[in-house]
Every structure is written in structure tokens, then in C-alpha cells.
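Atoms considered below: every heavy atom in the structure, side chains included; atoms not considered: hydrogens, waters and symmetry mates. Predicted model only: the values in this text are computed from it and were never measured. Residue numbers run from 1 in the order of the sequence given.
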Amino acid sequence: MKQSPSQKEQNQTGAKNGLANSAESMPRWMSNGQVRNGWIAERTLPDRVVTGKKRQTVQVYIGDTYYAGPLGAPVEEFVWAAVADTPPVSPPMAVLLNNRLRELTTPIWEDTSAQIVPMSDPDGGRIYRRSLTLLLLAAAKRVFPQMAIAIEHSLPFGAYYCTPVGHPSLTLAELERLQREMEKMVAEDLPITCRRASVEEMVSFFAASGDESKVSLLAHRHAEDLSIYTLDSVQNYFHGYMVPSTGYLRWFGLAVYGRGFLLRFPRRQQPNELQPILPSTALENVFQEYGEWMARMGLQNLGSLNNAIVQGNISEAILISEALHERRIAHISGLVAKTWEDVNAAHRRIRVVLIAGPSSSGKTTFAKRLGIQLLSHGIRPYALSLDNYFVNRTETPLDEVGNYDFESIAALNLPLLNDHLARLLAGEEVTMPSYNFKTGESEVGETVRLEANQVLILEGIHGLNPALTTAIPPESTLRVYVSVLTHLNMDRHNRVSTADVRLLRRIARDHSSRGYSAADTIGRWASVRRGEERYIFPFQNNADVMFNSALLYELAVLRDVVEPLLLRIEWDTPGYVEARRLLAFLRWVRTADAELVPDNSIIREFIGNSILRSFSLA
């Protein structure tokens with residue numbers, strides 16, 4: 001259809017206006033060029049860019065210096081160039097590249113920045129211990145070709161408790177021979193290499209080598225391929241990274257311990273020395289008891305737990321785990337009740353139960369369940385809160401960086417606490433303090449008089465420190481250490497860290513009851529762990545009895561709760577590396593329905609809906 005002249009004029013005018021509007025709407029960086037059909041026609045730019053050739057070098061920025069090297073060179077070479085002038089006290093174990101943990105063998109193909117991960121870092125410490133385990137297996141293959149080794153538990157002074165498989169317990173002479181072979185391999189600086197292998201290939205390999213623990217674990221893995229490490233004649237799967245060669249593994253030792261032996265390694269805080277061996281009959285008993293529990297339930301490792309879930313037997317595993325916990329708590333309450341049987345020996349009665357342990361061990365639920373057991377003996381518990389005995393904030397000691405150190409025992413008013421304990425046990429009426437956390441001041445609290453059939457329960461991190469209760473005769477107290485002391489391992493050589501189990505618990509609890517994100521919890525974890533190292537672990541051998549709060553099934557319940565929280569952590573945030581590590585581990589775990597967990601379970605303290613939440617020990 002033909003347009004009238006007036007219509008043409010309107011369209012042309014509109015087109016001009018449209019072009020003008022288009023030019024006016026262009027961003028500033030386009031304003032000094034001519035716009036034709038929406039494109040820049042010409043720009044006036046400095047003549048600085050010329051054609052070039054592909055570079056054969058890359059640069060890595062470490063600290064405040066750039067280091068250049070050939071394309072594809074391992075980052076290890078750049079790291080050692082960076083520390084050449086000032087050899088580190090804590091040797092490098094890995095690096096962070098773009099906020100991702102990477103092995104020192106990682107080739108560098110483009111300019112980047114790197115942050116050294118030393119042995120004193122949590123990830124660095126894990127890499128050292130994992131690599132040392134491979135060294136032990138490779139040396140054992142040379143010296144005792146028919147013997148397998150199982151890595152069982154971790155001990156607080158820096159050691160793994162190991163047992164020989166298919167071989168009698170190793171004698172001191174045999175261990176000395178094995179250690180000499182490990183030292184020889186370190187001196188040879190043998191390479192530790194890695195290749196990718198399919199799950200099917202790995203299952204066939206481990207089945208042929210008789211490692212059913214790995215076959216069971218891999219049966220539930222859906223990844224296309226995994227890393228398998230080789231040292232000397234040993235090939236093995238390890239969940240996590242390794243050092244490049246045996247020359248990095250200079251600090252270790254072997255020692256006879258119980259029915260097995262110790263693989264000793266440095267603690268992260270003192271990376272160049274081994275700690276003294278501290279025998280602990282109580283801890284050895286816990287390990288033996290836990291082994292009996294696993295055998296009774298047919299759960300030897302994570303693979304067998306996954307099998308139970310797939311086969312529909314997880315309900316039975318949950319019920320038996322809970323029953324074993326209850327039996328142990330009943331035993332501990334019986335230790336108290338036994339001292340109350342003789343009415344003519346009141347001076348021998350246990351009047352105070354002190355409960356201590358690291359974060360997320362389930363101390364609160366344990367204390368309440370212990371109180372219920374005591375009630376069944378006719379003994380009434382009274383919970384005394386140590387939080388109310390904080391000194392005024394202005395009197396609180398400071399830590400190394402000038403922050404209030406509320407975890408120090410000096411943050412408690414010990415003279416007042418001991419005066420009140422002595423008077424309460426003497427039957428006197430005592431007006432307790434009440435600490436106001438908003439004002440940081442101690443205020444007047446409730447007035448209390450204990451009845452003749454009451455026992456005090458004190459829960460706190462200093463419960464095993466003798467300085468806490470100097471006014472109470474030792475025979476009147478029962479000191480209980482509560483912690484996740486051991487757990488199902490992934491397989492014969494890949495441990496599940498008890499600290500990781502506690503961290504997963506804490507992430508779940510912090511989110512459900514405190515509104516914290518997983519990133520918040522991970523960010524605080526290092527400080528929490530420092531407090532445990534300083535104020536809790538040194539005193540754990542003072543315990544009269546230990547309670548292992550681990551539940552064989554709990555990882556299967558925790559995964560559904562924690563995994564979505566970890567996935568929310570952004571890649572460019574400080575907690576990302578730790579979140580990726582925990583997520584990688586959780587992918588090995590099959591999930592179980594939390595509805596199957598009893599409402600008085602210790603794990604309910606962390607996933608919610610505990611019937612004991614409103615129960616009071618008073």
C-alpha cells in the first residue's frame with residue numbers, strides 16, 4: 001500500500017528521532033566514535049598493540065613477587081623458588097590457585113597467583129599424614145610382602161593406631177626394620193605419581209589384591225573416574241592430595257602400642273618434631289569397645305554402612321547404635337549410684353559429675369540422659385552452669401591478638417565457684433551469680449540449697465582441669481570426657497576424621513538453632529579448634545571415664561542436612577576450599593531418613609527435634 005507524503009514525512013522524522021535517541025542512549029565509552037547502524041565506525045586509540053608470538057613462559061605471583069618459568073612447569077618449582085632465600089619452618093604441602101586447593105605437581109599453563117599451603121595449615125597437615133600412610137604401605141610391601149596394614153584410629157599426641165592384617169602383631173625389631181626401610185625411601189626421594197582410573201578398573205584391581213574395604217566403598221560410587229596413586233610397587237586410592245615425592249616426609253616414627261603399633265607424625269603446630277607418646281588405658285578401652293560394636297552390627301567401614309542403607313537394614317543399625325549408647329550411659333550412672341549404696345559411707349559418695357569435651361561432642365544431651373539415668377537410681381541431678389561464673393568483662397583476660405579470651409580458665413571466678421561448691425555440698429543455702437552477657441557484668445541469681453539425694457552436674461570445657469574444683473575432694477567427683485573418639489573409616493587406609501564429624505554436626509546445629517550459615521561456622525572453626533588444643537585435649541587423660549558420642553549411622557543422616565548448606569558457599573569466599581573438601585567426602589555417603597532417629601538421640605541435638613531440649617536438670 002502506498003504511503004501519503006504526510007505519512008512519509010512522519011516516518012522519516014521518526015527515523016531521525018530514533019537515530020538521535022539511539023546515539024544519545026549509547027554508553028559513554030562509545031560517545032566519541034561515529035555510530036552507524038549501532039556499530040562504532042571509528043575510534044581514536046593509542047597505537048600500542050602489535051602482533052606477537054605465543055609466549056613460552058608463565059608468571060606466578062607468590063607473596064609480593066612474580067616468578068617466571070616455562071609453560072607447563074609444575075607449581076612446585078615456583079614455590080621452592082619463592083622460599084629459596086628463607087626456608088620455611090613449616091614445609092609447603094600444596095597451593096591455592098584461584099581459591100582451589102591444588103597439588104604441587106599441578107602444571108602451570110597461564111599466568112596466575114598462588115598461595116602456599118604449609119604443613120601447619122589443616123589441609124597441609126592432612127596431605128602430610130596421607131602421604132606418610134602411603135609411604136608406610138610401600139615400605140611394608142618391601143619388608144613384609146604378604147602383610148596388609150589397617151589404619152584404625154587417630155591419637156591426640158600425633159599418631160595413627162595401626163594393625164597388621166594377615167600377620168601377627170609386629171615386634172619391636174620388626175618395627176625398627178620397617179622404619180629403616182621408610183627412612184631409606186625418604187632418602188631416595190621417590191616420586192609419588194597419580195593417574196586417573198575408572199571405577200570399574202579400580203574395583204577389579206582391589207578385588208584382585210584382596211582389599212574388600214575398597215571394593216565395598218567403590219560399589220556405591222558413580223563418578224566416571226578417580227585418582228589412584230603409585231609409590232614404588234604400591235598402587236592405592238586415597239581420598240585427597242599427596243606430596244610430590246617421599247623427600248617431603250622427613251618426620252615420622254613407629255612404636256609398639258597395645259595390640260598394634262603407632263605411625264607417629266608431627267602435630268601441625270610443631271611441624272618439625274614428634275610429640276611424646278601418652279598411654280591411655282581409657283582411650284584404648286574405647287577403641288576396643290567400638291571395634292566390638294562394629295563387629296556386632298556388621299559395620300566395619302563406610303562401604304558396609306552404605307550396603308545396610310541400600311539393603312533396607314539401616315533401621316536396625318540405628319536402633320542398635322542407640323541401645324549401645326544408652327547402655328554406656330547407664331554404666332556411667334551406675335558408677336555414681338554404686339557409691340550411694342552404703343548409707344553409712346556418705347563421705348565416699350560421688351557428689352559432683354564433671355563433663356568436658358570438645359565442641360559438638362553432644363555434651364548437653366549426654367548430661368541430660370545421664371541425669372535421667374541417675375533419677376532411675378533415686379539420685380536427683382542439679383546442673384550448675386559455669387557460664388554464670390564468668391568474671392566481669394573488664395577483668396576477662398586477653399588473647400595474643402588483644403581479644404577477650406572467654407575460653408581461658410582465668411575467665412572464671414574460681415574462688416567464688418569453689419566457695420559455692422563447698423557450701424552446696426555441705427548443705428548450705430547459696431545465692432548463685434547470674435552472668436549478664438549483654439552488659440558483661442555478674443549479677444545476683446537464684447538461691448539454691450541441695451537436698452541430701454542430689455548430685456551436681458557441671459558441664460564445661462574446663463571440667464577435666466584440676467584447677468577448676470580445688471575445694472572438692474577428688475574422691476567426691478567423677479570426671480567424664482565426652483567426644484567423637486572414633487568413627488567408621490572410609491576403608492582400610494582412608495580415615496574419617498572425628499574432627500570432621502564434629503564440624504558437620506556443628507554446621508547443622510548452628511544453622512537450625514542459631515541461624516548461622518555454613519560459611520560462618522567454617523570461619524569460626526579454626527578458633528574453636530585452637531581453644532580445644534589449649535584447654536581441653538591436654539587434660540583428657542584426667543578423665544575417670546570416657547564416652548564415645550559417635551553414632552555409626554550419623555553421617556547418613558547428616559548428609560541431607562549439611563550438603564545443601566555447603567553448596568551455598570560461593571567460590572570466592574574464605575570457606576569455599578573447606579566446603580569443597582567436605583562435599584567431596586559426603587558424596588561417598590548414602591543418605592538415610594532422619595525420621596528414623598529416636599527423639600532422645602545425641603544426633604538430635606544437631607539436626608533438631610530433640611525431646612530433651614526442654615528437659616531441665618534441676
With a cut-off of 6.0 Å (strictly less than), are more than 12 heavy atoms of other residues, nucleotides or ligands near [atom1] of [X]?
{"X": "Arg524", "atom1": "CZ", "result": "yes"}
{"X": "Trp571", "atom1": "CH2", "result": "no"}
{"X": "Glu475", "atom1": "CD", "result": "yes"}

(request) Determine, step by step, whether Leu417 and Leu384 satisfy the side-chain contact (heavy atoms from CB on, under 4.5 Å) criterion, reporting the C-alpha distance in whole Å, the side-chain angles of both residues, the deciding distance to 0.1 Å, and the verdict. (result) CA-CA 10 Å; Leu417 172 64; Leu384 186 68; 4.1 Å; yes
For the ring pair [X] and [Y], is the centre-to-centre distance below 6.0 Å?
{"X": "Tyr516", "Y": "His511", "answer": "no"}
{"X": "His325", "Y": "Phe366", "answer": "no"}
{"X": "Phe537", "Y": "Phe539", "answer": "no"}

Locate the shortest heavy-atom distance separating [X] from [Y]; write the atom from each residue and the value.
{"X": "Pro92", "Y": "Ile116", "value": "CB-CG2, 3.6 Å"}
{"X": "Cys162", "Y": "Leu263", "value": "SG-CB, 4.0 Å"}
{"X": "Ile457", "Y": "Pro381", "value": "CD1-CB, 3.7 Å"}

(message) Would you compute the distance between atom OH of Tyr481 and atom CG of Asn541 and round it to the nearest 0.5 angstrom?
(response) 9.5 Å
Sub-4.5 Å side-chain heavy-atom contact between [X] and [Y]:
{"X": "Pro433", "Y": "Glu446", "answer": "no"}
{"X": "Phe606", "Y": "Arg506", "answer": "no"}
{"X": "Leu136", "Y": "Met182", "answer": "yes"}
{"X": "Leu503", "Y": "Ser360", "answer": "no"}
{"X": "Leu488", "Y": "Val496", "answer": "no"}
{"X": "Thr486", "Y": "Asn548", "answer": "yes"}
{"X": "Arg351", "Y": "Leu450", "answer": "yes"}
{"X": "Val562", "Y": "Leu582", "answer": "no"}

(message) Students often mix this up, so state it plainly: with edges at 30° and 60°, are the rings of His153 and Tyr161 parallel, tilted or perpendicular?
(response)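 Parallel.
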Do [X] and [Y] get their side chains close enough for a donor-acceptor pair, meaning under 3.5 Å?
{"X": "Glu183", "Y": "Gln179", "answer": "yes"}
{"X": "Thr521", "Y": "Asp510", "answer": "yes"}
{"X": "Tyr576", "Y": "Arg100", "answer": "yes"}
{"X": "Glu152", "Y": "Tyr290", "answer": "no"}
{"X": "Ser601", "Y": "Glu322", "answer": "yes"}
{"X": "Asn436", "Y": "Glu443", "answer": "yes"}

(request) Run the numbers on Thr396 and Phe390 for side-chain contact (heavy atoms from CB on, under 4.5 Å), then give the verdict. (result) CA-CA 8 Å; Thr396 303; Phe390 277 127; over 6 Å; no
(request) For the pair Asp405 and Tyr535, evaluate side-chain hydrogen bond (donor to acceptor under 3.5 Å, both in side chains) and give the outcome as yes or no after the intermediate values. (result) CA-CA 11 Å; Asp405 189 358; Tyr535 300 121; 2.7 Å; yes
(request) Check the pair Ile569, Glu578 against side-chain contact (heavy atoms from CB on, under 4.5 Å), reporting the backbone distance first and the verdict last. (result) CA-CA 10 Å; Ile569 298 180; Glu578 184 72 343; over 6 Å; no
(message) I'd like to know if the side chain of Ser131 and the backbone of Val243 have a donor-acceptor N/O pair within less than 3.5 Å.
(response) yes
(request) Test Val561 against every option in Leu504, Ile607, Ile603 by the side chain to side chain contact (heavy atoms under 4.5 Å, CB included) rule and name the one that passes. (result)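 Testing each of Leu504, Ile607, Ile603 against Val561, the sole residue satisfying side chain to side chain contact (heavy atoms under 4.5 Å, CB included) is Ile607.
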(request) Decide, yes or no, whether a salt bridge links Glu563 with Arg587 under the criterion of side-chain N to carboxylate O below 4.0 Å. (result)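 No.
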(request) Would you mind checking if Arg502 and Glu605 are paired as a salt bridge, meaning a charged N to carboxylate O distance below 4.0 Å? (result)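 Between Arg502 and Glu605 there is no salt bridge, as every charged N stays at least 4.0 Å from the carboxylate O atoms.
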(request) Under the side-chain contact (heavy atoms from CB on, under 4.5 Å) rule, what do Val455 and Val352 come out as? Steps first, then yes or no, please. (result) CA-CA 6 Å; Val455 166; Val352 179; 6.0 Å; no
